[in-house]
Amino acid sequence: MRFGFNFWLGATLTALVIFAGILAPWIAPFDPVFNADLMNSELPPDATFWFGTDAQGRDVLTRTLYGAQISLTVGIVSQLINSLIGVTLGMTGGYWGGWWDDLVSGLTNVMLAIPSLIFALAVLAVLGPGLPSLLIALGLTNWSWTCRVARSSTLSLKSQGYVQAAKILGYGDMRIMFTQILPNMMGPILVMATLGMGSAVLSEAALSFIGLGIQPPSPSWGSMLTDARQLIQLAPWIAVFPGLAIFLTVLGFNLLGDGLRDSLDPHMRTRKP
Amino acid sequence: SGEHYGGTLIFTAPYGSNFATLDEQASPNTQEELIAQAIHRALYSWDSTQNKPVLELAASEDVSSDGNVHTYHLRKNAIFHNGKPLTADDIVYSYKRIANPKNAFPGASYIAVIQGANEYIAGKSPDISGLKKIDENTLEITYTGPIDPGFSLMQNTTAIYPSNVKDESSFATHPVGLGPFVFKAHVPGSQVVVEKFDKYYKEGKPYLDHINIVLMAEDATRDVAFRNKEIDVSILGPTHYEIYQKDPALKDHLLEVAEVYTRGIGLNPALKPFQDKRVRQAINYAINTPLIVQRLIKNKAYPATGWLPLSSPAFDKNKAPYAFDPAKAKALLTEAGYPDGFEFEVTASPNESWGVPIVEAILPMLKKVGITVKPKPVESTVLGDQVTTNNFQSFLWSIPSGPDPLSAMRCFYSKTPQSACNFTSYASSEFDKLFEAAEQERDPSKQSDLLREANNLVQDDAPYWFFNYNKAVMAYQPWVHGLVPDANELAIQPYDQIWIDEIAPASRK
Amino acid sequence: MTQPLLDIRNLHLGLRLGRDLHPLLNDISFQIMPGEAYGLVGESGSGKSITSLAVMGLLRKPLSVSGGEIIFKDRNLLTLPKREMRRLRGKNVAMIFQEPMTALNPLSTVGRQIAEMFILHQGKNWREARRLAVDSLARVRVPNPERRVNDYPHQMSGGLRQRVMIAIALACDPDLLIADEPTTALDVTVQAEVLKLIKDLCAERQTAVLFISHDLGVIAAVCQRVGVMYAGCLVEENSTDRLFSDPQHPYTRGLLGALPRLGGRLENGRQRLVDIDSIITDRSILTKTRCIAPRIKEGSTP
Amino acid sequence: MTAPILRVEDLHVRFSMSGGSLFGSSRHMLHAVNGVTFSLAKGECLSIVGESGCGKTTTALTILGLQQPTEGTISYRGQPFTGPNAPTRMQRAKAVQMVFQDPYASLNPRQTVRKSLSAPLRLHGITAASEIEARIEVMLKNVGLTPEQANRYPHEFSGGQRQRIGIARALILEPEIVVLDEPVSALDLSIRAQIINLLLDLKEQLSLSYLMISHDLSVVEHMSDRVLVMYFGEVVESGGWQQIFQTPAHPYTRRLIAAIPNVDDRISTPPNPKSRDLIVLKNAEFGTDTRVTPDVFRPPSQSKLIEIAEQHWVRISSV
Amino acid sequence: MFIFTIRRVLQTIPTVIVAALIIFVIFSVVPGTFATSLLADGKRAADPQLIARLNEELGLNKPLVERFATYITNLAHFNLGTSFRTRQPVINLITDRIWASFILASAAMMFALIVALPLGFIAALRPGSIVDTATMIGAVSGLSVPEFWLGLVLMYIFALQLNWLPSFGYGDGSFQNLILPAITLGVAPMALLARTTRAGVLDVLHSDFIRTAHAKGMSDVKVMRWHVARNALVLIITTVGLQFGSLVGQAVIIEKLFAWPGIGSLLVDSVAIRDIPVVQGTILVIVLWFLAINTAVDLIYAAIDPRIKQG
Ligand SMILES: Nc1ncnc2c1ncn2[C@@H]1O[C@H](COP(=O)(O)OP(=O)(O)OP(=O)(O)O)[C@@H](O)[C@H]1O
Ligand SMILES: Nc1ncnc2c1ncn2[C@@H]1O[C@H](COP(=O)(O)OP(=O)(O)OP(=O)(O)O)[C@@H](O)[C@H]1O
Ligand SMILES: [Mg+2]
Ligand SMILES: [Mg+2]
Ligand code: NI
């Protein structure tokens, strides 16, 4: 498989963010929560505080780095949940067909029809704000796309010779799904997941806007950005850096997904002689 | 003094993106009061110059010697927008409607000051015994005690409606009142337009032809719209307060008032450390309150010295607030047996001046004396729910503490149920004695002295971390005149006194 | 001898990747006379389709012609301006593709897709064009042409669809018809009908045919002359009869031997099929030395 | 010839197709296979020919257990292969295997050849690494591949090699019957011969029975012992390969054979003068006009098979 | 076609019922009740008596199953219930605002289509070119900016700095007021649509019948007009439908930011005060809107693609 420029750009951005998140405790100059000194609030970027400080007097650079942890957790875990639900339902529905498939398709349609932001809002209202609830809310709301993709992939893979062969060789349904179908549809699922990660990061920001985001004082880009919107004139740096971080991360995930899709798509593959 | 007639005022409603109903009697929220203030009038009203309730719909009143019975001589020139003149029947009708158990209106608790109202509210009596029509223009009301009924009956939720409207549900869409402006249009989710009422009972008023009350919940949007001169007034949040103060074009047109809200963290004695007064005091000592007010709230608040706010008649100007003294806090904690501190949860809403951001700011301060704070963010709705059901370790809230100091202090009276504003389940026999004395005292200044003493007692006992009293700030366009600093709620302005001058842009004319 | 209708001279074609050129066709030359059916056979990937696409001027991006001439009626198609080439396409040179399922637009009626030809090349309006489309369908022996013009491709069977393709190709009476594996996707019985149709129609108006297939039987049924391609080279060319009865190039011989022949099985016991690999023991030799070995041309003996 | 090991009796397969009515409740029955009966002997190659959609694959799938028959029975060595006592997939796997048409789609692109071959062995209880190794090695040799190639992925092989892997996978469990669905039609001409030779060799070597599906009659003639001609779900003619190819009786069979373009038509001396020596039945007796497409949504008209020579059956109209 | 339409419409009914069930269950277990939200605003004592009375009056003290039964019975009579807060029929509250939502969503979709289709086409015609890369990076960027920031920035630029457009609100429903919120809302679907268009057009361009069209001697423009556009449309239209269908639900934040009186802000406000009938009604209307759009898309689909009707 050959990857294009977009893929590598996306992979680099994503890797950067992942490293920032993992290394935050070592590379961040301050503590993200307790190093708050109101005497230092809203300082513009300088030698000590490279990205300036926020309204609480906390270092924006530190919080942006730590924010990567939360945002990545949100992106990755919620997509894991999504993919798990979507793949399980989609694959079994597509494979077994019948009433189960009808049920899965129906449920998928319902989930598509209920606006996801509102569904997430409701789930959060039930569970109360906080990271675990957020992960569940975002994880429960966006699986319908994955499910559709998984289902149609399964339908087309099901008729492939090797799946038939597996049946004839005596493989059970579960074994066929896990060893024959799942590995072969990971491509599109992965693409969906990477694209979904970007939108999960954004959804977190949107939910912060409504006041249901991450539990403070843990830094998340979404809540940093939301809190900073009042300060856009007074202290623009508080918004700029987490905003940039979100932008680059979502861009990274999207380019990664696009790149993956392009290299999986036979049309886009340049044939080598 | 140069008042101009005519023009349109574009006022903003900042408390949501919706007017839930135009039936003011059915609404407990400030948002709808913004309309009620234009359309409706209640028996009393708040006089912000005298800082007390005054008669509005009655020309005069006679009070019985025991102070329980008031006889009102109603205004003869007051006419409803539908042409009906005001009579005693309208008041009886309105109060019965508010208290009607079928309706379950929030204003019922204000009507409860009238004798027999509780029986009526409970559905045990077909009438409110304390309400007696003498003649068309005279009404006698018997109250449950020698209280000042003005504090209750000036509320917008006790607005007087005409008794001749057949379809009561129409009040929700086509309100009819006695106010200076007539309801004209409601674009749900967008705005309410009212128009000058020619037969308003106050001579020569109102000045304006129209008021558009536009919904605008988002601060940032309001800021842009205000600078863009699309709206005439804007309620400011802390950051915009600071920005506007620095902006030479805007800084001269800011209206500030100390509002009667006290903010702070209520400590639940159910949590063991909070049973010790020294721990509660330690918390007050450990937090640098003025710094938070200055840096985080941008001085859009006054550091609290106790429960009663600045504009309260019983406010003690000489009382010093808790000093910022971490060493003392540490010592007190050690004394109380918590040398290594302890951990507690603060239930708080997302509000920027009395919500989670404040908890984030005190978090490192309390950490320094060894106390670990964990914010527990909840929605505003849920906050109210959890506080009134005593379901918290501590909570950060903004609680009305005026204008009537007596009812404000009632919140610490041990007989006040927890759910009814004694949120920290405060019980002190010393306090109870002072409060009961104040309740009996008919001389306002002596009553104030007693209440002041009670307030200082509460401050010393520290059932709360006393944070601040709100400073409400309103920015207005230079062409707007007649705004008043109302300590109850700055956003509620006497529309009938407002006028705009000739420098107003064409769109306002 | 008359002028050849199509004269391909030393055609070189390659895959341009960046600056490199990977050759795919090496020095291909052959002629087709008016009214003649010329067959191209060869294994998959030997370059049959790209040769035909080069004639049509339909090569896409990474593929490009790197040398040679394609002379059609005295004009070099490779240097013809785009617009001229477009006018030629469809009108003078028409093509039938392999997959009748996908070569028709699923969202247009077949009538419309035939009618487009008359609009493009004869300036007819839609109504006339549609009437002519009915005639075209009748000509390729589609039953009920009036009704069938309004059908969508998915409503037709494979054989009918291929007839529609032929109708499109022959709509403007081209001088040269290129048929790239026109029957691979069809059943034998349907294939036989389609082949006969192409043969008859071309005989009727002296259309020259370039017929591509890797089924030697099909070539035998249609063509007068055959070229055998191997790895981008034309390795042998001869009249059909001569080629089949007396193949010269080892690859051709292999091809013929590898084919099970109907009626070729002995009453009891069968003979093993020839394994081409056993003849061409080292395939790479053929590839490396490909067109260098003297091509076996008509009339010449090795 | 020995006793049949597989017997298919009066097999019917119908698919219900939902129609276009309001609630989709009106259902047509698509008659894909109609009363097919045949048996397969040990070491025999039986071919089913017929045009696309006539029910060849469906018949094969029923034998493989991937499709439930609507009516009829299949038995393997006297044991029922259908109905309530049908064997499980695991049990069936050791009896029947299949080689697929498309060598590209029939191998899991994410499994190495070794994995493709060892997984079924493990599944069937052969866990000793040495034995697995040994069997894979033997099998790869059998199909003409080297053991070193086992660690490669399918995309590293050519079409012909893939088909060899497909054959190896089908044979690794040592089944008695192998179903070949168009085993060479997707292959290049030059490779076709190798695979045909390989299949015939393996058949001899391992005494396999083949059930081959094809519409390439020359391949069928080359490989089969007996031939079954199907036409819209029914067997219209069956017999030994000579009978079908040299003396075809049913007009459809004749048309089929006549339609094959043949290189030899070009060559002046036909190698076998006996071919095309058709016996003549009167057309009317067949009842079916094979130029008119029958309606697959209707049960077929009344007809029966008659034996016109030893083991040579032809369907004629019974009305 | 008629039968197809009816069948397609009937198929949405189970979806609506299940959606109604999910919505009902979720919002029945949400903590906080309308009564406390109304009475516990801190201004005065939350009178437990009053709360109890209110709950009784609103039927909130009945068991869940009974409430659901009433809810469904009402729904079957096309009755969405009565708002706790305004005591008006929910349907009235929604109809008051649905128009604003509708024009906002339509304008946003218009904007998205007008920008995305040409961009997607151009990008597909020159894959790998600078235009292509720029379009795609631009599209992805559009997907990576939080909506409220985009709105704020647009507001600062076009309302405050340039003074071209009003910054907020519905005004008298004029076009000027619509521009900024519509653009803000339209950016995400635009980005998605540009990508889908590119993929769709590429797909069509690679198909065999385009080669056939070229072999007919058709010019590129005619190929585009006669063959590519319509076929690509079939691929694009599903995305358009899904996007358009979900726009009303997605507008929540933009409505709040621009003080736009759509049903999104009604919904958020109602959730905040736990006015459950309004919440349920609004979500149900959003669901219906989504289903209606997508049913319409399916019908259009069937009209352009002759293969569908056979279904
Ligand atoms: N668009 C393309 N990009 C890269 N290589 C190509 C392209 N089209 C064809 N080729 C290569 O050119 C060579 C010849 O291809 P061509 O399609 O002409 O073969 P063919 O003889 O028609 O084969 P078949 O019988 O399978 O149709 C092959 O090696 C193929 O991989
Ligand atoms: N799962 C199915 N559902 C509905 N119809 C089916 C199904 N499988 C096959 N059919 C139909 O049954 C008939 C017989 O199909 P089958 O695949 O057996 O034909 P075939 O002879 O193998 O054709 P080909 O030569 O094209 O492979 C066809 O009309 C086909 O459309
Ligand atoms: Mg080809
Ligand atoms: Mg088949
Ligand atoms: Ni394609």
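Here the structure is a predicted model, which is why all the values come from computation and not from measurement. Here is how names work: the chains are called A, B, and so on, in the same order as the sequence lines, proteins then strands, and each is numbered from 1.
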Revision key, fill the gap. Cut-off 4.5 Å, heavy atoms of chain A, and the answer for E:Leu205 is neither

**Study point:** Proximal component of A:Leu202, with respect to chain E [non-hydrogen, under 4.5 Å]
**Key:** side chain

Review point. Between E:Val287 and chain A, which part of the residue has a heavy atom less than 4.5 Å away: side chain, backbone, both or neither?
Key: both

**Study point:** Heavy-atom contact with chain A under 4.5 Å, split by part of E:Leu152
**Key:** side chain

Study note, to complete from the structure: Sorted by chain and residue number, the side-chain contact (heavy atoms from CB on, under 4.5 Å) partners of E:Leu119 (sequence neighbours excluded) come out as E:Val115, E:Thr135

Review point. So E:Phe244 and E:Phe102, would you call those rings parallel, tilted or perpendicular, with 30° and 60° as cut-offs?
Key: tilted

Review point. Any side-chain heavy atom of E:Val285 within less than 4.5 Å of one from E:Leu80?
Key: yes

Review point. With a 4.5 angstrom heavy-atom cut-off, which part of E:Leu284 approaches chain A: side chain, backbone, both or neither?
Key: neither

Review point. Listed by chain and number, what are the side-chain contact (heavy atoms from CB on, under 4.5 Å) partners of A:Leu127, not counting sequence neighbours?
Key: A:Val123, A:Ser133, A:Ile136

Practice item. Determine which residues belonging to residues 237-250 of chain A lie within contact range of chain E, meaning some heavy atom pair is under 4.5 Å apart, and list them by number or answer 'none'. Key: A:Ala239, A:Ile246, A:Phe247, A:Val250

Exercise for review: Under 4.5 Å heavy-atom distance to chain E, tell me which part of A:Trp145 shows up: side chain, backbone, both or neither.
Suggested key: side chain

Check your understanding: Which answer fits E:Ser141, side chain, backbone, both or neither, if we ask what part of it has an atom under 4.5 Å from a heavy atom of chain A?
Key -> both

Review point. Does any heavy atom of chain A fall under 4.5 Å from the side chain of E:Ile293, the backbone, both, or neither of them?
Key: neither

Check your understanding: Does the side-chain contact (heavy atoms from CB on, under 4.5 Å) test come out yes or no for E:Ile276 and E:Phe24, once each step is laid out?
Key -> CA-CA 9 Å; E:Ile276 302 305; E:Phe24 182 86; over 6 Å; no

**Study point:** chain A contact via E:Leu288 - which portion, at a heavy-atom distance below 4.5 Å
**Key:** neither

Exercise for review: With sequence neighbours excluded, tell me which residues meet side-chain contact (heavy atoms from CB on, under 4.5 Å) with E:Asp275.
Suggested key: E:Ser83, E:Phe84, E:Arg85, E:Ser270, E:Ile273, E:Pro277, E:Val278

**Study point:** Side-chain donor-acceptor contact under 3.5 Å, E:Glu147 with E:Thr184
**Key:** no

Review point. Of the backbone (N, CA, C, O) and the side chain (C-beta and beyond), which part of A:Phe119 lies under 4.5 Å from a heavy atom of chain E, both, or neither?
Key: side chain

